[in-house]
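Please read the structure below before turning to the comments.
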There are 2 protein chains.
Amino acid sequence: MTLTELRYIVAVARERHFGRAAASCFVSQPTLSVAVKKLEDELGVTLFERSAGDVTLTPIGERIVEQSQSVLEEVQVIKQLAEQGKDPLAGPLRLGIIYSISPYLLPHLIPALRERAPQMQVLLEEDYTARLAEMLKQGEIDLAIVAEPFHESGVVTQAIYDEPFVVATPKGHPWEKLDHVNSEQLSEENVLLLSPGNCFRDQVLQMCPDLNRESVPAGSSLQRTLQGSSLTTIRHMVAGGIGVTVLPVTSVSPADDALLAIRPFVEPAPTRRVVLAWRKNFPRGAAVEAVRQAVLGAGLTNITYLPEAHASA
Amino acid sequence: MTLTELRYIVAVARERHFGRAAASCFVSQPTLSVAVKKLEDELGVTLFERSAGDVTLTPIGERIVEQSQSVLEEVQVIKQLAEQGKDPLAGPLRLGIIYSISPYLLPHLIPALRERAPQMQVLLEEDYTARLAEMLKQGEIDLAIVAEPFHESGVVTQAIYDEPFVVATPKGHPWEKLDHVNSEQLSEENVLLLSPGNCFRDQVLQMCPDLNRESVPAGSSLQRTLQGSSLTTIRHMVAGGIGVTVLPVTSVSPADDALLAIRPFVEPAPTRRVVLAWRKNFPRGAAVEAVRQAVLGAGLTNITYLPEAHASA
DNA sequence: CTTGTCTGATTGTTTTTTTCAATCGGCGAT
DNA sequence: ATCGCCGATTGAAAAAAACAATCAGACAAG
């Protein structure tokens, strides 16, 4: 049984005439006759009574033609579904973002994305890099905005921008007078870090391994690094004079000026590379590109945008 | 789009593995790969994400596979309908019978048919030959039991039996003493006939044209033939002494002995030929044959069964 | 009765499609 | 680096679909 055969018998039932039915199917009359006969043989029933000048349906033929119409309608639904799903920008895109980017990028990214792909819903997931990697591979999210290093099998990444780190101190802190802070100087201060699992914590530690080396056992009043649960919390702690911290520059807003002193590092300033990541076989490349463009158009300042070439497995 | 392709994608979705899906469809893996790709191209959407060691459905693929399953289920319904309709003895058979056979044959025919084809419903239509012919050609009935002559284009007939006519007189009528009645003798009596339209009336008139020739205008007290609306009515009229009549032998029952005297005609006795008639292209030949066999097995007496060969267009 | 016409069936061939065996190429794991 | 798995690709063979031409039956008109 083929869909073509079903279309043929529906046409014969409609036209009550093999020749006209063939014409309406854009095939020759023998083609249609043979196909109908083939289907009748396969089903083991006679669908049509062919009398001279009048083709009529048998009772069983009537029911089968009716059912065939219903099959063909269901097939049409497949085509409609495909048509709807054709646009890679249509349909929800599940986007994961790490905690240290999400609150600063999303307010700009979402409007930019709305402008470029108004019909694309975005479902957001905020989580740690490791969790996002897992969700990406499991197909629970389609795309992730994370910071390097990020290497997962079956996942490709594309660099979007490098963002420098800056130092945040309380107002009136001696470093406020400096043009640039040296990363070695951090060892002299209480440095507040995000809790383990946040990639930004690891990035800061890698930039300044002294912080790790000189840390003392947990609970000691002497410990040099403290932990905050989010960059916002840490910011408030710094403003309160507990210590200093390192921030990605995109997290700095003009509102911080009232509370904090923000100083750049000496060149070359430490940076982190922010990338888009998606399954290698994720078919909606256009959606990925739309998000990349939206990030580029999000109006982030003090960062270095990277050319398209920066993609890798 | 073909049903095979739909079966393939459903299999891939089920197995999440092209090789296993191919095996479960009893085709080679390239066959399945090519077919899936062809369908994806036709629909313009990617249905599967092929990653190493893991085939997953895209969101649109998921919906399309689901819809495909629904299509395949509808197709199964076609097969089921065909399976149910396969038995030519299943499903109602619309059977038309003329008035002068129906009351005498049906009581025997129905049980005989029930025995031979218990699953076949029979819908009965009782009418004049001309009406039955029309209904047959229009497809309102499938089969008719009528008496010759019966020639309709597109309709074939098969003779079942010849039944002789007999004469019925009131008890005590002079003819009761005769071994045989001659048809010419009928002219001497009031002969009661069925009303026009009943084929049996025509058959009697053809057998004995004198009745027609000698009839006088309607309303005359001299008219030699009277009309009854049914053989039963006529029987009662004869029993009442109004005249004599001619009956087909199958309409004679033992109960008549109490009221009537039944005499045969001199050989060769006039007869009528009872036939089955159906549209030439009526596909349920087995149902026709079942009815024929049931008539043969109905236990009619005093008739001459005819061999199968007596079929004609 | 014959002829012509209409209609679906049949036939033989061409074209298209489907299928398969063999092979490739990418990817991940050992 | 190599091996094994898996889906894609290729080229040839088989199957199916389609068509033009023709046939055969039925009916209607002459």
Roughly, in whole Å, what's the span from [atom1] in [X] to [atom2] in [N]?
X: A/L39; N: C/dA9; atom1: CG; atom2: P; value: 13 Å
X: A/D54; N: D/dA28; atom1: CG; atom2: P; value: 12 Å
X: B/E40; N: D/dT9; atom1: CD; atom2: C1'; value: 15 Å
X: B/Q29; N: C/dC24; atom1: CD; atom2: C1'; value: 12 Å
X: A/K38; N: C/dA9; atom1: NZ; atom2: C1'; value: 17 Å
X: B/L32; N: D/dT9; atom1: CG; atom2: P; value: 14 Å
X: A/R279; N: C/dG28; atom1: CZ; atom2: P; value: 13 Å
X: B/E5; N: C/dT17; atom1: CD; atom2: P; value: 11 Å

Should [X] be listed as having a side-chain N or O under 4.0 Å from OP1 or OP2 of [N]?
X: B/S153; N: D/dC27; answer: yes
X: B/K37; N: D/dG7; answer: no
X: B/Y8; N: C/dT19; answer: yes
X: A/R50; N: C/dA9; answer: yes
X: A/S33; N: C/dG8; answer: no
X: A/S28; N: D/dC19; answer: yes
X: A/K280; N: C/dG26; answer: no

Could [X] and [Y] be called an ion pair, given the rule that one side-chain N must be under 4.0 Å from one carboxylate O?
X: B/E163; Y: B/R272; answer: yes
X: B/E66; Y: B/R63; answer: no
X: A/E134; Y: A/R131; answer: no

Distance in Å, A/T31 OG1 paired with A/F26 CZ, rounded so as to fall on 0.5 Å steps: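 Answer for the OG1-CZ pair, A/T31 versus A/F26, is 14.0 Å.
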
5' precedence on DNA chain D between B/P30 and B/R20 (nearest-nucleotide basis):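 Result of the comparison: B/R20.
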
Listed nucleotide nearest any side-chain atom of B/T31, set C/dC20, D/dC19, D/dA17: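 Between C/dC20, D/dC19, D/dA17, the one nearest the side chain of B/T31 would be C/dC20.
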
Nucleotide nearest A/V34 (side chain, heavy atoms from C-beta), chosen from C/dT10, D/dG7, D/dA18: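 Nucleotide nearest to A/V34's side chain: C/dT10.
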
Donor-acceptor pair between A/Q76 and A/Q80 side chains, under 3.5 angstrom: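 Per modelled atom types, A/Q76 and A/Q80 side chains form no pair under 3.5 Å.
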
